[in-house]
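A short write-up of the structure that comes next.
Because only heavy atoms are used, hydrogens play no part in the values below, and waters and symmetry mates are left out as well, while side chains stay in.
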Amino acid sequence: MDVSPVSPVRRRIVLPLCTMIFLCLYMFYSCAGSCASLQGSAPSQQSGLLSQQPGLLSQQPGLLSQLLLRAEPRPSGEDTSISSFYSGSGSKKLPQAIIIGVKKGGTRALLEFLRVHPDIRAVGAEPHFFDRNYDKGLDWYRDLMPRTLDGQITMEKTPSYFVTKEAPARLSAMSKDAKLIVVVRDPVTRVISDYTQTLSKRPDIPTFESLTFKNRTTGLIDISWSAIQIGIYAKHLENWLQYFPMSQILFVSGERLITDPAGELGRVQDFLGLKRIITDKHFYFNKTKGFPCLKKAEGSSKPHCLGKTKGRTHPNIDPKVVQRLREFYRPFNMKFYQMTGHDFGWD
């Protein structure tokens with residue numbers, strides 16, 4: 001029988017194809033043999049996930065799963081790309097630094113600015129753990145935190161901590177080494193801002209003047225109004241100094257956070273032991289809002305300003321009422337300056 005010879009063109013196609021099929025079959029059977037030997041190995045030779053889930057291989061896992069199971073467990077603390085992939089990036093830790101106050105001082109602005117730093121990871125919402133949710137426990141609190149890598153700092157901010165009597169002892173019980181940040185602002189401006197926020201939510205509240213005074217004729221200030229109490233910074237600081245040294249507390253000027261955000265952020269980065277990465281180049285001044293905004297927010301390439309609830313226009317307050325408030329706060333401010341060693345220039 002006459003058999004036509006294979007053409008050179010067909011030979012150039014068939015031979016490489018056969019070679020590839022042979023190699024694929026060889027790799028398949030080699031892998032199958034390795035996996036079979038693993039499945040039949042003694043329990044003492046199996047480790048990690050395999051020893052914890054002995055029935056896993058019998059469920060015919062995919063090739064990737066079998067290859068992962070062959071990997072020996074790494075020493076504690078040693079990170080690999082595979083383990084990072086399965087456990088997520090980093091781990092959740094209790095915060096090492098907390099912005100504890102004050103309400104309407106500029107805490108949200110500070111937190112948003114700090115989140116630009118690659119070594120700071122912060123939870124966005126206020127946890128209110130040390131004032132409202134303490135009974136839920138540290139595990140609940142830790143679970144709220146973002147994952148961090150080694151060398152990164154976990155942060156949160158809840159301004160009401162500064163005025164909560166139980167907060168210093170509770171926070172100290174969690175960590176005596178925690179670093180605390182307090183954003184303070186002229187207490188007169190702060191109380192007006194506080195009232196403005198409440199007024200936007202409850203338009204039917206009494207006037208600012210009626211809430212400020214117990215007796216308008218005598219000029220007696222009503223210190224039972226919480227908005228007034230918050231601004232007595234020296235009183236609240238005394239409570240914190242029973243549990244934390246002054247060296248672990250940084251006071252940020254709410255006014256300078258507006259006029260010189262990079263300067264204040266530099267102080268904060270130094271306090272946290274971080275490289276000064278956040279600088280003037282990160283900010284631009286928004287004339288409409290009247291305060292600085294970020295040129296690029298965390299995880300974004302777009303400019304970012306705080307929301308509409310920030311920078312509200314304050315109502316007109318009788319200058320005599322403002323002057324009486326300044327007189328009321330002056331002695332407390334003087335004491336606060338002495339305690340912190342810094343004159344904030346509110347008088």
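- Heavy atoms only, all atoms of each residue included: His128 and Asp131 are closest at O-OD1, 2.8 Å.
- Arg267 has no carboxylate O lying under 4.0 Å from a charged side-chain N of Asp270, or vice versa, which leaves the two without a salt bridge.
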Criterion side-chain contact (heavy atoms from CB on, under 4.5 Å) on Leu110 and Ile181, from CA distance to verdict: CA-CA 10 Å; Leu110 178 61; Ile181 300 173; 3.7 Å; yes

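- Applying the salt bridge (Lys or Arg N to Asp or Glu O under 4.0 Å) test to residues at least two apart or on different chains, the pairs with a partner in residues 172-193 are Asp186-Arg326, Arg190-Asp194.
- Checked against the 6.0 Å centroid criterion, the rings of Phe113 and Phe283 qualify as a close aromatic pair.
- Shortest non-hydrogen contact noted between Asn133 and Pro127 is ND2-O, 2.9 Å.
- If you look at Phe332 and Tyr233, their ring centroids are not closer than 6.0 Å.
- Residues Pro118 and Ile277 meet the side-chain proximity criterion, which asks for heavy atoms closer than 4.5 Å.
- A distance of 12.5 Å separates OH of Tyr195 from CD1 of Ile228, quoted to the nearest 0.5 Å.
- Trp240 is listed as a side-chain neighbour of Leu171, based on a closest heavy-atom distance under 4.5 Å.
- Side-chain atoms of Lys92 and Arg147, non-hydrogen and from C-beta on, do get closer than 4.5 Å to each other.
- Separating the CD atom in Gln248 from the CZ atom in Phe271 is a distance of 7.5 Å, to the nearest 0.5 Å.
- Note that the CZ atom of Arg324 and the CG atom of Leu220 stand 7.5 Å from one another [nearest 0.5 Å].
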- prompt: How far apart are the C-alpha atoms of Met174 and Phe130, what are their side-chain angles, what is the distance that settles it, and do they pass the side-chain contact (heavy atoms from CB on, under 4.5 Å) test?
  reply: CA-CA 10 Å; Met174 178 194 77; Phe130 296 104; 3.7 Å; yes

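- Looking at Gln229, its side chain does come within 3.5 Å of a backbone N or O of Ile223 through a donor-acceptor pair.
- At distances below 3.5 Å, not a single donor-acceptor pair connects side-chain atoms of Ser172 with backbone N or O atoms of Pro168.
- Side-chain contact check for Asp135 versus Phe129: every heavy-atom pair is 4.5 Å or farther apart.
- Considering only heavy atoms from C-beta on, Met155 comes within 4.5 Å of Ile153 through its side chain.
- Thr164 contributes atom OG1, which lies 10.0 Å from atom CD1 of Ile100 (distance to the nearest 0.5 angstrom).
- Side chain to side chain, Tyr141 and Glu156 meet the donor-acceptor criterion of an N or O pair below 3.5 Å.
- Side-chain contact, Ser193 with Thr196: no donor N or O sits under 3.5 Å from an acceptor N or O.
- A salt bridge does not link Lys320 with Glu209: none of the charged nitrogens is closer than 4.0 Å to a carboxylate oxygen.
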